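Structure first, then comments.
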Number of protein chains: 2
Amino acid sequence: MSGPIQSIERAAAILRLLSGRSRRLGVVEMAGQLGLPKGTVHGILRTLQSVGFVEQDRDSGKYQLGAALLHIGSSYLDANELRTRALNWADALATQSGESVRIGTLHEKQVLIVHHVFRPDDSRQALEVGSLVPVHASALGKALLAHHRYLLADLGSGPLPSYTPATITDVKRLGHELEEISGRGWASEVGDLFPGVASIAAPIEDRRGVIAGAISISGPIERLCESTVPRGELVGYVMETARTVSRELGAIPW
Amino acid sequence: MSGPIQSIERAAAILRLLSGRSRRLGVVEMAGQLGLPKGTVHGILRTLQSVGFVEQDRDSGKYQLGAALLHIGSSYLDANELRTRALNWADALATQSGESVRIGTLHEKQVLIVHHVFRPDDSRQALEVGSLVPVHASALGKALLAHHRYLLADLGSGPLPSYTPATITDVKRLGHELEEISGRGWASEVGDLFPGVASIAAPIEDRRGVIAGAISISGPIERLCESTVPRGELVGYVMETARTVSRELGAIPW
DNA sequence: GGAAATCGTTCGCCAATGTCAAACATCGTT
DNA sequence: AACGATGTTTGACATTGGCGAACGATTTCC
């Protein structure tokens with residue numbers, strides 16, 4: 001045995017399908033998308049159901065993700081060293097800046113949010129842990145890309161998806177900004193993803209010197225920026241926190 | 001093919017192992033616990049790693065859960081009808097009661113938290129979505145058990161695990177309380193799980209008339225109880241919300 | 001400091017295992 | 001009432017993945 005195990009790969013593909021756009025899918029639908037006979041897909045689904053990774057809607061017969069995955073998935077957070085080490089500092093940064101804080105890692109050419117602290121004051125906000133945000137339209141993403149430049153090529157040659165008029169859609173222009181970012185050590189985004197909201201992010205370094213993640217603050221442009229430039233004071237907070245977490249991870253021994 | 005697929009079952013067992021107490025496990029360790037040859041376990045791990053469900057620590061060689069699971073796991077929340085339907089009402093209940101709100105479902109003889117609203121006013125609290133709480137020491141658990149009485153037998157015959165001096169450890173006594181609960185339609189817990197904190201819960205009914213989940217509020221005993229009895233006003237809020245959500249799920253057509 | 005134990009990893013043979021296509025059952029629709 | 005679509009089951013085939021032993025690299029223990 002040398003290659004990966006076929007049935008497990010297929011099971012994973014099914015789970016990934018179910019975690020995509022459409023929450024619920026039928027057997028033939030998945031079989032079609034995966035190019036597999038429906039009997040095969042059904043066998044895998046039956047197994048996934050027996051272990052609780054998938055549930056079947058009794059009325060429609062369609063399948064959806066199972067509860068066991070929620071628990072397993074959130075267990076990942078405990079094992080994630082970046083997150084556990086950064087917990088307290090993220091809180092402190094939220095208090096200091098008065099804005100919401102996010103920590104993210106690269107995952108499949110996107111940014112996976114592994115921690116999220118709400119803005120201190122008020123207001124009910126949706127928890128974003130576990131969600132994916134685009135690399136090219138977020139401060140977190142740019143901070144990460146700047147130190148994993150090889151990924152830029154994987155984003156394709158065509159224009160990048162646009163979310164607001166301010167989104168950078170040109171790969172070349174993004175490349176230039178990444179250059180700047182890696183030079184100065186922080187990234188920002190002003191209305192690139194959601195109109196009216198800005199973010200400031202800084203990369204977090206690993207024990208091995210690799211950029212393992214990034215931390216950011218987000219809020220209304222008026223609060224984060226002086227006209228359209230991020231306030232130096234806030235940039236300082238973010239960078240300082242990132243450096244502290246990096247040290248906590250063993251990146252900077254001195 | 002009739003039975004479930006072996007390799008997928010084993011892969012699931014490995015993932016469940018990794019989501020348990022010890023975040024990081026080695027190949028032989030897992031092989032021992034599963035009673036499988038280590039070569040076999042390694043093959044499965046290699047596959048799980050290639051699909052991002054598992055990551056390997058470079059230094060120690062041990063394995064831990066992968067980032068892909070966080071995203072998939074949190075996608076479950078979107079597919080969960082109970083949670084999506086209850087979102088707004090949970091917020092309202094938090095505002096109304098001034099306490100933190102939780103929504104849970106039965107999962108493997110425990111209560112899986114699928115939604116968590118922080119207490120409105122203040123104070124940083126840890127998000128508990130995805131975590132499991134014991135059925136016999138939580139209001140959510142009791143509310144659910146009361147309508148799935150058959151589960152009581154599965155809890156074993158010996159004394160139940162104790163978390164505080166107030167925890168109900170006797171299965172028989174728990175049975176009696178469940179009787180009461182199913183009669184009056186709400187459950188409570190006063191310092192059973194954490195000293196000084198109490199909860200009040202009510203069951204949520206399904207379209208098919210099955211109890212699909214429960215909703216609760218939690219807070220300091222002094223705020224939730226009159227001496228040791230839950231305040232009638234708060235009980236009312238919780239029950240009313242549970243009924244509203246049940247109606248939203250299609251349980252009560254009138 | 002050397003030997004032995006332990007770890008993660010690889011290999012090749014064998015057959016148990018999972019795959020596939022076709023038949024079945026159960027819907028809802030025409 | 002016949003059709004088409006779905007999810008489900010079946011059985012034969014050979015591919016696939018399981019097993020146990022051997023490898024190389026660490027670490028532990030005398």
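So you know, we letter chains A, B, ... as the sequences are listed, proteins then strands, and number each from 1. Predicted, not measured: the structure shown is a model, and the values here were computed from it.
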Please tell me if Thr40(A) has a side-chain N or O lying less than 4.0 Å from either OP1 or OP2 of dT19(C). no
Can you tell me if the side-chain N/O atoms of Arg10(B) get under 4.0 Å from OP1 or OP2 in dG18(C)?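 For dG18(C), OP1/OP2 do not have a side-chain N/O of Arg10(B) under 4.0 Å.
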Atom-pair distance ([atom1] on [X]; [atom2] on [N]), nearest Å:
{"X": "Leu45(B)", "N": "dG17(D)", "atom1": "CG", "atom2": "C1'", "result": "15 Å"}
{"X": "Ile5(A)", "N": "dA16(C)", "atom1": "CD1", "atom2": "P", "result": "18 Å"}
{"X": "Met30(A)", "N": "dG7(D)", "atom1": "CE", "atom2": "C1'", "result": "11 Å"}
{"X": "Ile44(A)", "N": "dG7(D)", "atom1": "CD1", "atom2": "P", "result": "15 Å"}
{"X": "Ile14(A)", "N": "dG7(D)", "atom1": "CD1", "atom2": "P", "result": "12 Å"}
{"X": "Arg24(A)", "N": "dT6(D)", "atom1": "CZ", "atom2": "P", "result": "18 Å"}
{"X": "Arg58(A)", "N": "dT8(D)", "atom1": "CZ", "atom2": "P", "result": "13 Å"}
{"X": "Asp59(A)", "N": "dG7(D)", "atom1": "CG", "atom2": "C1'", "result": "14 Å"}

Side chain of Ser7(B) (C-beta onward), nearest among dG18(D), dC19(D), dC20(C): dG18(D)
Of all the nucleotides listed (dG17(D), dG18(C), dC19(D)), which has the minimum atom distance to the side chain of Gln6(A)?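 For the Gln6(A) side chain, the nearest candidate turns out to be dG17(D).
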Candidate pair Gln110(A) and Val133(A), rule side chain to side chain contact (heavy atoms under 4.5 Å, CB included), full reasoning: CA-CA 6 Å; Gln110(A) 291 178 289; Val133(A) 294; over 6 Å; no
Within the supplied structure, the quantity of interest is the number of heavy atoms (other residues, nucleotides, ligands) at a distance under 6.0 Å from Arg16(B) CZ; does it exceed 12?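 Atom CZ in Arg16(B) is crowded, with more than 12 foreign heavy atoms closer than 6.0 Å.
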Please tabulate the protein-to-nucleotide N/O contacts below 3.5 Å involving nucleotides 3-9 of chain C, giving atom names and distances.
residue	atom	partner	partner atom	Å
dG8(C)	OP1	Val27(B)	N	2.9
dG8(C)	OP2	Val27(B)	N	3.1
dG8(C)	OP2	Val28(B)	N	3.0
dG8(C)	O3'	Gln56(B)	NE2	3.4
dG8(C)	O6	Lys38(B)	NZ	3.2
dT9(C)	OP1	Gln56(B)	OE1	3.1
dT9(C)	OP1	Gln56(B)	NE2	3.0
dT9(C)	OP2	His42(B)	NE2	2.9
dT9(C)	OP2	Tyr63(B)	OH	2.4
dT9(C)	O5'	His42(B)	NE2	3.1

Run the numbers on Tyr163(A) and His136(A) for ring pair (Phe, Tyr, Trp, His ring centres under 6.0 Å), then give the verdict. CA-CA 10 Å; Tyr163(A) 306 96; His136(A) 68 284; 5.8 Å; yes
Side chains of Ser75(A) and Asp78(A): do they bring a donor and an acceptor to under 3.5 Å?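 No - no donor-acceptor pair under 3.5 Å links their side chains.
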So, Ser216(B) and Ser199(B): side-chain donor and acceptor under 3.5 Å apart, yes or no?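 The answer is no; no qualifying pair exists.
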Does any pair with a residue in residues 147-161 of chain A pass salt bridge (Lys or Arg N to Asp or Glu O under 4.0 Å), and if so which ones, sequence neighbours excluded?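 Applying salt bridge (Lys or Arg N to Asp or Glu O under 4.0 Å) to every pair that reaches into residues 147-161 of chain A, excluding sequence neighbours, yields Arg149(A)-Glu179(A).
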For Glu9(A) and Pro4(A), which heavy atoms make the closest approach, and how far apart are they? OE2-CG, 3.4 Å
